[in-house]
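So the structure is just underneath, and the comments pick up after that.
Convention: sequence-line order gives letters A, B, ...; per-chain numbering from 1. Atom set for the values below is all heavy atoms of this structure, side chains included, hydrogens, waters and symmetry mates excluded. Bear in mind the structure is a predicted one, so any value in this text is a computation, not a measurement.
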Number of protein chains: 2
Amino acid sequence: MYPNDGFRELGRQECLRLLAKVPVGRIVYTRRALPAVLPVNFGLDGDGAVLLRTSAASELVRAIDGAVVAFEADEVDAVRHSGWSVVVTGSATVVTDPAEHERLARTGPVSWVPAPQEVFVRIEPELVTGRELVGGRTLYGVDLSA
Amino acid sequence: MYPNDGFRELGRQECLRLLAKVPVGRIVYTRRALPAVLPVNFGLDGDGAVLLRTSAASELVRAIDGAVVAFEADEVDAVRHSGWSVVVTGSATVVTDPAEHERLARTGPVSWVPAPQEVFVRIEPELVTGRELVGGRTLYGVDLSA
């Protein structure tokens, strides 16, 4: 399925382990019919769902609630030409259940600076994919998505 | 237009100056009707177009040639809660003009490791947006996209 392109495909658990190492990823969605991407800090729920915390009134929430989105995080060493990239693809939904909101307020991601009327957004880990980039191989010139 | 959320909107030239500082960004596109995102290294053309170099046979090329895509790069300091993010949105096209291909082979991005039958992809800088994150403010809990 994958050509011998210098990349190693990562298993789901390995992807989630790597995701847990970094504080910031990027949410990929559609805004006004255009592709959009936004860096956000995040947490991981026990089942691998990505948890964001944002203002209830934000344009981001309006754009992603109920939509399928991708969430990407990576670490790349440009000198060694190595690193990894993980993408979680799934439905994003605002957490509306009060008990669940309360649980996430205790255990979920912590705002660097709190905003008024925060909500949690869960991105279901329906598809969890990742690649490890082996040193000395290019990030382009190779079909990462083959 | 923008709330006082701790972010400073960046001008086009400032965005391009920041983009030129980093070797790797992320291309955001649609693959099989799902949002997709892929880290790639890149170059900038004189007019601010983002230049990628990839295999002519790659799935990436098939997915983005002729499509509107977003290209994002960022630097975030998770300790200081500061950094920046820049997004270039525009049409992606494979460079087919031989003279232009030749020019980019001389001046465009250099593959970390060359692949056979490489092509250049130009992402037109139709929309160039960016934000500087001021220290002590959150990346979420604030509507970056307001």
Side-chain angles (χ1 to χ4, degrees), chain A residues 5-6 22-24 26-31 33-42 52-55 57-61 63 67-72 74 76 78-79 81 83-85 87 89 109 111-116 118 121 127 131 133 136-146, chain B residues 5-6 22-24 26-31 33-42 52-55 57-61 63 67-72 74 76 78-79 81 83-85 87 89 109 111-116 118 121 127 131 133 136-146:
Chain A
D5 58 6
V22 293
V24 171
R26 295 146 204 98
I27 185 157
V28 170
Y29 61 106
T30 301
R31 184 172 68 222
L34 289 176
V37 49
L38 198 63
V40 287
N41 56 345
F42 71 104
L52 314 180
R53 190 171 185 156
T54 186
S55 162
S58 69
E59 184 179 330
L60 179 64
V61 163
V68 173
V69 303
F71 183 83
E72 190 264 358
D74 58 55
V76 176
V79 174
H81 295 190
W84 57 267
S85 169
V87 179
T89 307
S111 287
W112 290 355
V113 174
E118 288 179 345
V121 176
L127 195 61
R131 296 281 184 100
L133 321 178
R137 304 297 299 194
T138 180
L139 277 179
Y140 55 66
V142 167
D143 184 7
L144 289 169
S145 57
Chain B
D5 57 8
V22 293
V24 172
R26 294 146 204 99
I27 184 155
V28 170
Y29 61 106
T30 301
R31 184 171 68 223
L34 289 176
V37 49
L38 198 63
V40 286
N41 56 345
F42 71 102
L52 314 180
R53 190 172 187 157
T54 186
S55 162
S58 68
E59 184 178 332
L60 178 65
V61 163
V68 174
V69 304
F71 183 83
E72 190 264 358
D74 58 54
V76 176
V79 174
H81 295 189
W84 57 266
S85 169
V87 179
T89 307
S111 288
W112 290 356
V113 172
E118 288 180 344
V121 177
L127 194 61
R131 297 281 183 98
L133 322 177
R137 303 297 299 193
T138 180
L139 277 180
Y140 56 67
V142 166
D143 184 7
L144 289 169
S145 55

Flag the pair Val28(B) / Arg26(A) as yes when at least one side-chain heavy-atom distance between them is below 4.5 Å, and no otherwise. no
Any Thr30(A) side-chain heavy atom under 4.5 Å of Pro35(B) side chain: no
Examine whether an atom of Ala36(B) lies under 4.5 Å from a heavy atom of chain A, and if so say whether it belongs to the side chain, the backbone or both; otherwise answer neither. backbone
Is Val37(B) in contact with chain A via its backbone, its side chain, both, or neither, using a 4.5 Å heavy-atom distance? both
Most contact-rich option vs chain B, by heavy-atom pairs under 4.5 angstrom, among Asp74(A), Val87(A), Leu34(A), is Asp74(A)
